[in-house]
Number of protein chains: 2
Amino acid sequence: MSEPKRRDKAATRTALLEAARRRFTEHGYDGTGVRDIAADAQVDATLIFRYFGSKQALFDEAVRVDVPQGLGRDGRRDPAALAGELLREIVFTDRTAPGAEHPLFVMLRSAGRPEVRAHLREQVCDEYLADFAERLPGPDAGLRAELIGGLLLGIGLMRSVIGSPALSDSSIEETGGLVAEMVAALQAAPPQ
Amino acid sequence: MSEPKRRDKAATRTALLEAARRRFTEHGYDGTGVRDIAADAQVDATLIFRYFGSKQALFDEAVRVDVPQGLGRDGRRDPAALAGELLREIVFTDRTAPGAEHPLFVMLRSAGRPEVRAHLREQVCDEYLADFAERLPGPDAGLRAELIGGLLLGIGLMRSVIGSPALSDSSIEETGGLVAEMVAALQAAPPQ
DNA sequence: GTCTATAAGATGATAGAC
DNA sequence: GTCTATCATCTTATAGAC
């Protein structure tokens, strides 16, 4: 028998991070124990504290995401195209991959914690939606931008947590085409 | 000093149910302890087991909702009007009221539990969205219906858990007008 | 670099006194 | 109809042996 364990700090860390992302995504922060994560990663639970300090710190690192700055900032993309990009980046990720669910949805499932909610609002409203508000007409541009955010988040929710049949099976082209129409309508809508 | 407590079974039960709905909505199933609920309701924690049997049973009763059957079944309402009704019923409830958040969002925050997810999918897809699919054109009517579901759920999410500024402050008329435009666009969209 | 043992506290749930 | 006391189990986290 070879070594009983991979004596490799980096590999252990990565394995823990991926297992954490999977567990937190599926069961939320409170529903996940450090023992569960460690078992999935096939390492000892105490290593979590050795490498990350605490369960909370592991969570923070597992859901950390760098929002792609200025998604269409150089080009003058219209809102529908922007929405399409976000749809691909956030919603239509390959969820068969190791820790592939987008961090936004991991946070959504752990939104019981106030700090997680604050982080979520910051990221969604201030980072992702800022570009939309600039490109939408009317005095209610902010509201329209948030409606687009709600649409994208809702689609992701239907696919990942609710598991609705049609959306879960649909291709990004199919869904993206319909979403583009909805966003275009929002752009054309008269002030309410 | 008068009686130390309201000796009233019905009142205690109701108080527990309302406190449970509030707690479960805000902190999710796992983030809520029976002691928390009892403290909010100002009764003893053991009464939860006396009246409901278990924490899980209390949760089930707290989130039970009767889907209004056949929302526009008698009238031949179009999807945009139907969406408006759901928006009012599900999203724009008065959240200052006692246990007012719609049960769907309580479930969403406790979606770590598989049974809750199943219940959620059943209610959203089979009950709420069935009426839409019938009224939408094209071979992808089911997909379009789920997009509407995602939009409504996403809007509720932005308001309740994310707390996005514009949507949270908006009136149902304002938001409803924009939602109607988006749903109409979905109705008019060519098959993808 | 990894594991054993354990601390210190919270959890859901029960039995029985009042 | 309500409360006290308690159980068994689970939690995060730490100290220290190997």
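As the structure is a prediction and not an experimental result, all values here were calculated from the model. Quick note on labels: first sequence line is chain A, next is B, and so on, each numbered from 1.
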To the nearest Å, how far apart are [X] [atom1] and [N] [atom2]?
{"X": "A:Arg13", "N": "C:dT2", "atom1": "CZ", "atom2": "P", "result": "13 Å"}
{"X": "A:Asp30", "N": "D:dC10", "atom1": "CG", "atom2": "C1'", "result": "14 Å"}
{"X": "B:Arg23", "N": "C:dG12", "atom1": "CZ", "atom2": "P", "result": "12 Å"}
{"X": "A:Ile48", "N": "C:dG1", "atom1": "CD1", "atom2": "P", "result": "17 Å"}
{"X": "B:Leu16", "N": "D:dG1", "atom1": "CG", "atom2": "C1'", "result": "13 Å"}
{"X": "B:Leu58", "N": "C:dG12", "atom1": "CG", "atom2": "P", "result": "11 Å"}
{"X": "B:Asp8", "N": "D:dT2", "atom1": "CG", "atom2": "P", "result": "8 Å"}
{"X": "A:Phe52", "N": "C:dT2", "atom1": "CZ", "atom2": "P", "result": "12 Å"}

Applying ring pair (Phe, Tyr, Trp, His ring centres under 6.0 Å), can you list everything that pairs with B:Phe24, at least two apart in sequence or on another chain?
B:Tyr29, B:Phe59
salt_bridge([X], [Y]) N-O dist < 4.0 Å:
{"X": "B:Arg121", "Y": "B:Asp126", "result": "no"}
{"X": "A:Asp140", "Y": "A:Arg144", "result": "yes"}
{"X": "A:Glu61", "Y": "A:Arg13", "result": "yes"}

Taking only residues two or more places apart in sequence or in another chain, which ones pass side-chain hydrogen bond (donor to acceptor under 3.5 Å, both in side chains) with A:Asp40?
A:Arg23
Nucleotide of D:dG1, C:dT2, D:dC3 approaching B:Tyr51 most closely (side-chain heavy atoms):
D:dG1
Reading 5' to 3' through nucleotides 13-18 of chain D, protein heavy-atom contacts under 4.0 Å coded B for base, S for sugar-phosphate only, - for none
BB----
How many angstroms lie between CG in A:Leu16 and CG in A:Asp44, if you round to the nearest 0.5 Å?
10.0 Å
